[in-house]
Peer 1: 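Have a look at this one.
Start at 1 and go down the list; that is how both ligands and their atoms are numbered. Hydrogens, waters and symmetry mates are skipped; everything else that's a heavy atom, side chains included, is used.
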Amino acid sequence: MHFDQKNFLADVERVLHAEYACDIKSAGKYELYNAVSRAVMEEVFEDWNREKTSERRRCGYFSAEFLMGRAIYSNLLNLGILDGVNAALSSVGEDLKQFEEVEDAALGNGGLGRLAACYLESAASKNIALDGYGIRYRYGLFRQTFVDGYQHEEGDDWLRWGDPWSVRIERDAVLVKFADQTVKAVPYDMPIFGYKNGVVNTLRLWQSEPVQAFDFASFNEMKGEVKATENFNATKITDVLYPNDNTMVGKILRLRQQYFMVSASLQDIVRKFKATGKSLKELPEKWCFQLNDTHPVIAIPELLRILQTEGLTFDEAFEVCAACFNFTNHTIMAEALEKWDALALSDLLPGVYEQILNCQRKLEADGLDPNVFYIVRDNVIHMANLAIFVSSHVNGVAEIHTNILKTQTFRNWYERFPEKFVNITNGITPRRWLLLNNPELARVIDGKIGTGWHTELSELKKLTPYLSEILSDFKRIKHENKEKLAAYIRTHEGVEVSPDFIFDVQVKRLHEYKRQMLNALSVLYFYFGIKDGSITDFPPTAFLFGAKAAPGYYMAKAIIKFINEIANLVNNDPDVHDKMKVVFMQNYNVSYAEKIVCAADISEQISMAGMEASGTGNMKFMLNGTVTLGTMDGANVEICEEAGRENNYIFGATVEEVAAVKKFYCPREQVEGDPRLKRALETLIDGTFPDEAGMLKKLYESMVGGYEPDRYLVLYDFADYVRVKEQLLRDYGSEEYFMKCLVNLANVGKFSADRSVTDYAKLIWHLA
Ligand code: 26W
C-alpha cells in the first residue's frame, strides 16, 4: 500500500473532524484509535472489493470461533505501513503503543479459534480465496481475575473501543427462522489483509437482531408469518461466546447460535450464487466449506433444506453437499463430540431435523450397518457422524491425532471410507508470531538470510550455518524480551520477577488432560527440596502459568486455586526468594501470549500422550527459539521430527504405554513409592493451604480416589517429568542449550500456517 505521511495525517484529521468533532491535538486515545483505523480502511476499498466481486472459486471457513486478538498492529504490518504510521504519529507527538489498551477480539476459547484466525491471515497472504463465516458475539471470552486465588469471571466488553475494522453490511441482512422465532441476521465484514500482497479476504460475522427494524419490503413478503412476540430477545442469540473448551453442554441457546450462523451464511451464499444465473447443482464449482469441528455441522442439513426449497431433489441436494462440505476434527475427547437431543432439535428446527433423518435413511439405503454407522440413534443426533457421512474429506490436525482418529475414534468410518481421511498438521502465522511480537529477532534473521522467510518459513533453514554467529544477538534479545515481560507482570500481576531467572512457561486453557497439575507438583517438589537442603544447586527459575478455566469446570478451577496457593507460599518465603518465583498471570489472551512466547526459556507441552490433538502454542514458542519440555503428543511429535528429539526435552508415557499402563495402574502405590511426590501431593490435604471450600480436597481425591483416579497419569509420569526437567534446568545457559533453541527456530518451517492452508487448498479445497 502506498503511504504518504502528510496525506495520512490529513486523513486522520478529517475522520476526527467528522466523527468526533476534534483534531489530533484534542483527540483522546479512543478517538485517535478509531480515526487511524478508519483512515486506513478508506484506502483498502478497491482491493477488498476486487476480491469480494471476483468470480473465482472460494472456500467458506465455517467456525463458531475466531480468536482474532488485536487487529491494528497486525493490519498495519500486513499492509506494509506499520513503520510509516508509527513515524507519522510520532511526528505529532503520539505513540502507536498507546493502542495496546485496545481490547482483543476474543471471539474464541483457545486453539480452535486461534487456528481459524491464523488460517485466515495465511490464506490472504498466500492469495488463497478463503473467507471466514462466524458469529459477532457481543461479549467474547470472559475476562479473568483472581480473588483470594479463585478465578473470577467478568463480561468481556470487546466493543468498548469501537469496532473500526468492521463494516456493517445492512444490504446483505437475511432472516433466520426457528420454530418459535424469526430473527434478522446482519453481517459485519472484517477485511483480512494478506502480507504485503494487496489481497484482502473477508471475515463475515453475523449479528442477531429483532426483525421489526427490518426493511419493509422483505417484511411484507413474509405475509404476516412473524408475530410481534417472536422479536422478543432476538439479540440474545449472539450475546455471548460459550466459554467451554472441550466439553459439550447441550444448551439450546448454543444450538440456536450454531444454526443462526450457518443458515445466515448459506442463505447469503446461495442468494448470490443464484444471481449469477447458474443452476444450484453447480454450486460446488464455485464454493466449498470447511466445518471447523462439529459446531457448524448443522450447515449440512440446512443446505440440504435450502436446495430442496429451490427445487432440487434430495439426491441432487445430497450430491451438492457431498461435494461442498469438509470436516476438521480437533479433539478426541468423547465429552467434546457434539450430540443433540433429537426431540429438542426437531422442536426448534423441524425442517432441519427432517433432513437429518433423510441422511440417516440414505445411510441405511446405501447398505451401511445401522448398528455400526448411525447419525440418529436412541433419540440422539451424532454431529460428527453426520459430518463424516456427508463430507468428502475428514481431517485431523497432526499426524498422531489423525492416526488416532483412523484407528480408534472413527475406526469404523475409516475402514469403510478410507479415501476421506487426510491429515493436515496445524500451523501458525509467522507474521503475528514472530515479525510482530519479536521484531528485534526478526531483524537479526533478515540480516543473515534476507526476508524470504516472511512468506516461506522453511527458508529459516538457511540460518543453519549462521547459528553460532547469531547466538549472542539471540541471547541479548531474549533477555530484553524477558525484561519487558517482567515489567508487564510487575504492573499487571503485582509480582516482581527477575529477567535473570529461567522463564519456565505453561500457557493454554486449563484442562486436566493438559496437566498443569504435573507442573504444579514439580514446583512443590523443588520448593521442599530447596527448603530441606536436598536440592542445593537449583538455578533460579520463574514458573509462569496462564490459563482460563471454563466457569463450570470445577476441577480446573481447583487447579487454579492450588497453583495460586503455591505461588503465595513460594513468593512469600524469604528462604527461596533468590531461587524461585511462581506467577499465575491473569486474563491470558492473544495479546498477552505475544509478549510471553518471545520471552520464554522453556515451553511446557506436557499433556498425557494421545490427548492433545496438535497444540499450536508449542509452535509459537518454537518459532521464537524455545525448547519444548513435552510428551510425545500432538504436534510435539513432529516438532521432534523436524528439530531433532535431542534438541528438545521429551519425557513420559507414549500413547502405547498409556494404553498398557491403564490396565494395571494403581495411583496410590505410585504415591507411596515416591516420598517426594507424596510430600507435594499431600499439601492438598495436610493444611499447608487454606481450603474452606474443600476444593483442594476434591482435587486430591481426583488423583487417588473415586472411579478413575489420576485419569491423566499425572502421578505416573511425575518421576520422569522431574528427571527431564532437572536436566533441562541444569543445561540452561550453556552454549549447548542456546544452540538447541536456535536449531528449533531454524527448523520450524513446517509449522507455518502458510503451509497448512496451502495443503488444505491443494488436497481438499481444490483452489488454484
Ligand atoms: C462443544 C464444546 C467444545 C468447544 C471447543 C468442544 C471442542 C472445542 C474445541 C475443539 C477445543 C479446541 O480448541 N481444540 C484444540 O484445537 C486446536 C486446533 O486444532 C489443537 O491444536 C488443540 O490440540 C485442541 O485441543
Peer 1: Looking at Arg204 and Asp131, is any side-chain nitrogen of the basic one under 4.0 Å from a carboxylate oxygen of the acidic one?
Peer 2: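 No, this pair does not count.
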
Peer 1: Can you list the atoms of ligand 1 that are under 4.0 Å from a heavy atom of Met248?
Peer 2: 1 (C)

Peer 1: Between Glu594 and Lys620, does any side-chain N to carboxylate O distance fall below 4.0 Å?
Peer 2: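 No, this pair does not count.
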
Peer 1: Determine, for Trp413 and Arg411, whether the Lys NZ or Arg CZ falls below 6.0 Å from the six-membered ring centre while staying within 45 degrees of the axis.
Peer 2: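 Judged by the rule, Arg411 and Trp413 form no cation-pi pair.
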
Peer 1: Show which atoms of ligand 1 fall inside a sub-4.0 Å distance from at least one heavy-atom site of Asn244.
Peer 2: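 The atoms of ligand 1 under 4.0 Å from a heavy atom of Asn244 are 4 (C), 5 (C).
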
Peer 1: Relative to ligand 1, is Arg254 under 4.0 angstrom through side chain, backbone, both or neither, heavy atoms considered?
Peer 2: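 Near ligand 1, Arg254 shows its side chain, while the N, CA, C and O stay back.
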
Peer 1: Answer yes when Arg515 and Glu604 have at least one side-chain N-carboxylate O distance shorter than 4.0 Å, and no when they do not.
Peer 2: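 A salt bridge is absent here (no side-chain N lies under 4.0 Å from a carboxylate O).
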
Peer 1: Measure the distance from atom 19 (O) of ligand 1 to every protein heavy atom, then report the residue, atom name and distance (to 0.1 Å) of the closest one.
Peer 2: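 Among all protein heavy atoms, the one nearest atom 19 (O) of ligand 1 is His330 ND1, 2.6 Å.
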
Peer 1: Assess whether side chain to side chain donor-acceptor pair (under 3.5 Å) is satisfied between Gln605 and Lys508, documenting all intermediate values.
Peer 2: CA-CA 9 Å; Gln605 310 298 338; Lys508 50 185 76 258; 2.7 Å; yes

Peer 1: Tell me the contacting part of His295 for ligand 1: side chain, backbone, both, or neither, using a 4.0 Å heavy-atom threshold, strictly below.
Peer 2: side chain

Peer 1: Could an N or O of ligand 1 be found under 3.5 Å from any N or O of Leu112, whether backbone or side chain?
Peer 2: yes

Peer 1: Side chain, backbone, both or neither: which part of Asn426 comes within less than 4.0 Å of ligand 1 when only heavy atoms are counted?
Peer 2: side chain

Peer 1: Starting from atom 2 (C) of ligand 1, locate the nearest protein heavy atom and write down its residue, its atom name and how far away it is, to 0.1 Å.
Peer 2: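 So the nearest neighbour among protein heavy atoms is Thr247 O, 3.2 Å.
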
Peer 1: In sequence, state the C-alpha distance, the side-chain angles, and the governing distance for Glu612 and Ser614, and then conclude on side chain to side chain donor-acceptor pair (under 3.5 Å).
Peer 2: CA-CA 5 Å; Glu612 192 67 273; Ser614 162; over 6 Å; no

Peer 1: Of all the non-hydrogen atoms in the protein, which one sits nearest to atom 22 (C) of ligand 1, and at what distance?
Peer 2: Glu612 OE1, 3.4 Å

Peer 1: Assess whether a salt bridge exists between Glu121 and Arg431, defined as any Lys/Arg side-chain N lying under 4.0 Å from an Asp/Glu carboxylate O.
Peer 2: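 A salt bridge links Glu121 with Arg431.
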
Peer 1: Please work out which of Asn109, Val397, Asp245 has its closest non-hydrogen atom nearest to atom 11 (C) of ligand 1.
Peer 2: Asp245

Peer 1: Can you report which non-hydrogen protein atom sits closest to atom 21 (O) of ligand 1, along with the distance?
Peer 2: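 Residue, atom and distance for the closest contact: Gly615 N, 2.8 Å.
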
Peer 1: Pick from Lys548, Arg143, Lys557: which one makes a salt bridge (charged side-chain N to carboxylate O under 4.0 Å, His left out) with Glu153?
Peer 2: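 Among the candidates, only Lys557 passes.
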
Peer 1: What do you reckon, does Glu338 have a nitrogen or oxygen under 3.5 Å from a nitrogen or oxygen of ligand 1?
Peer 2: no

Peer 1: In terms of side-chain geometry, is the basic nitrogen of Lys662 or Glu708 positioned less than 4.0 Å from the acidic oxygen of its partner?
Peer 2: yes

Peer 1: Which ligand 1 atoms are under 4.0 Å away from a heavy-atom of Asp293?
Peer 2: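 Every atom of ligand 1 under 4.0 Å from some heavy atom of Asp293: 10 (C).
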
Peer 1: As an exercise, identify every atom of ligand 1 less than 4.0 angstrom from a heavy atom of Ala613.
Peer 2: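 Per the distance check, 23 (O).
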
Peer 1: Answer yes or no: does an N/O atom from Tyr513 fall short of 3.5 Å to an N/O atom of ligand 1?
Peer 2: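 Min N/O separation from ligand 1 is below 3.5 Å for Tyr513.
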
Peer 1: For atom 3 (C) of ligand 1, what's the nearest protein heavy-atom neighbour? Residue, atom name and distance, please.
Peer 2: Asn246 N, 3.4 Å

Peer 1: Cation-pi check for Phe260 against Arg256: NZ or CZ below 6.0 Å from the six-membered ring centre and within 45 degrees of the axis, yes or no?
Peer 2: no

